[in-house]
Amino acid sequence: MTKRVAILFSGSGSNMVALIDSMTGDHPARPVVALCNTPDAPGFAKAEARGVPTELVDHRDFKGDRPAFEAVMTRTLDRYAPDIICFAGFMRILTDDFISRWQGRIINIHPSLLPKYRGLDTHARAIEAGEAEAGCTVHEVTLELDDGPILGQARVPVRPGDTAEVLAARVLEQEHRLYPAVLRRFAAGDHTPVHLP
Ligand code: GRF
């Protein structure tokens with residue numbers, strides 16, 4: 001049966017677009033909703049242009065009441081009955097309650113070669129540490145931040161003189177290849193990690 005995919009994003013939504021555009025033909029999944037937590041995110045127009053329903057749950061309306069925010073997120077997601085939730089540049093940390101409810105069905109892309117550089121500013125930290133290599137990871141979301149079984153990684157070189165922005169752009173290109181490749185496999189029930197060179 002075709003899997004129903006919800007994509008959560010916060011900003012430009014380029015990974016969301018890569019996922020939506022990949023779910024055609026014999027792909028085992030289809031996008032059912034793109035949900036965002038910021039009203040002015042450029043990603044909205046991109047999802048709409050692709051005919052994918054969008055939903056806004058603005059975290060600022062909840063003034064720090066995380067459970068209330070998540071209750072609305074859950075209610076909204078439930079309406080679309082997703083089998084898989086893809087975090088694609090979704091910049092809110094969610095509580096254990098939310099994660100537990102969907103555990104095993106949420107995947108995330110993180111712009112580092114996990115387990116290195118969890119959290120923010122991954123590219124600047126990789127450059128600062130003198131890494132020769134950087135990349136991105138798709139992993140199952142579990143209760144620990146940027147942890148959980150690794151479903152795929154893609155690597156890029158760190159070049160002399162790279163700034164965080166230059167490296168981020170090089171990694172983002174690979175994110176757009178890796179995430180669709182992992183989703184296709186995950187939706188087919190195969191959790192074997194994807195490794196892109
Ligand atoms: C990506 O680098 C993703 O890995 C990180 O945030 C960025 C989101 O970019 N978590 P986009 O919104 O998918 O363009």
Side-chain angles (χ1 to χ4, degrees), residues 5-23 29 31 33-50 52-59 73 84-94 98-99 102 106-128 131 133-142 144-159 162-184 186 193-196:
V5 177
I7 306 170
L8 272 54
F9 69 102
S10 295
S12 104
S14 70
N15 277 291
M16 181 238 333
V17 164
L19 292 176
I20 290 174
D21 289 350
S22 73
M23 285 184 262
V33 65
L35 186 154
C36 184
N37 64 305
T38 48
D40 47 1
F44 273 115
K46 299 176 189 172
E48 280 157 14
R50 287 163 173 79
V52 176
T54 57
E55 294 282 354
L56 167 68
V57 183
D58 189 345
H59 64 276
M73 292 260 296
I84 298 171
I85 298 176
C86 293
F87 289 177
F90 183 68
M91 302 306 281
R92 304 303 296 171
I93 292 176
L94 296 160
F98 184 90
I99 304 294
W102 304 96
I106 315 178
I107 61 178
N108 179 47
I109 188 150
H110 182 75
S112 79
L113 293 172
L114 290 173
K116 285 186 170 177
Y117 309 114
R118 297 186 166 102
L120 298 174
D121 300 324
T122 54
H123 305 299
R125 286 154 63 207
I127 291 169
E128 176 68 28
E131 299 283 358
E133 192 171 62
C136 51
T137 304
V138 178
H139 63 96
E140 252 182 69
V141 174
T142 57
E144 297 304 317
L145 182 66
D146 298 331
D147 201 9
I150 288 178
L151 298 167
Q153 286 190 317
R155 294 164 185 276
V156 301
V158 179
R159 301 216 168 94
D162 270 354
T163 60
E165 290 69 30
V166 168
L167 180 56
R170 191 177 304 131
V171 172
L172 191 61
E173 234 175 81
Q174 297 308 309
E175 294 182 39
H176 298 159
R177 293 176 62 221
L178 179 69
Y179 211 173
V182 170
L183 176 61
R184 177 179 269 270
F186 188 79
V194 174
H195 289 289
L196 299 183

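All values derive from a computational prediction rather than experimental measurement. In what follows, every heavy atom counts, from backbone to side chain, and hydrogens, waters and symmetry copies are set aside. We count ligands from 1, going down the list as the structure has it; atoms in each ligand are counted the same way. Sequence positions, counted from 1, serve as the residue numbers for this chain.
The closest side-chain donor-acceptor pair between D147 and H139, if any, does not fall under 3.5 angstrom. A side-chain donor from one of S10 and N37 sits under 3.5 Å from a side-chain acceptor of the other.
The protein heavy-atom contact nearest to atom 9 (O) of ligand 1 is N15 ND2, 4.0 Å.
Between G13 and ligand 1, at least one N/O pair is under 3.5 Å apart. Backbone and side-chain nitrogen or oxygen atoms of H110 are examined, and none is located within less than 3.5 angstrom of a nitrogen or oxygen of ligand 1.
Enclosure of atom CD in E133 by more than 12 non-hydrogen atoms of other residues, nucleotides or ligands within 6.0 angstrom is indicated.
The residue from S14, A169, S10 that puts a heavy atom closest to atom 11 (P) of ligand 1 is S14.
In the vicinity of S12, heavy-atom distances shorter than 4.0 Å reach the ligand 1 atoms 11 (P), 12 (O), 14 (O). In summary, the atoms of ligand 1 found under 4.0 Å from a heavy atom of G89, numbered by their order in the structure, are 6 (O), 8 (C), 10 (N). Residue I109 approaches ligand 1 through these ligand atoms, each under 4.0 Å from one of its heavy atoms: 4 (O), 10 (N). The distance from ligand 1 to the heavy atoms of E175 drops below 4.0 Å at these ligand atoms: 1 (C), 2 (O), 3 (C), 4 (O).
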Please tabulate, for the side chains in residues 13-20, all donor-acceptor contacts under 3.5 angstrom to protein atoms that are two or more places apart in sequence or on a different chain.
from, atom 1, to, atom 2, distance (Å)
S14, OG, H176, NE2, 2.8
N15, ND2, E175, OE1, 2.9

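Between K116 and E131 there is a salt bridge, since a side-chain N of the basic residue sits under 4.0 Å from a carboxylate O of the acidic one.
Residues Y179 and F186 keep their aromatic ring centres 6.0 Å or farther apart.
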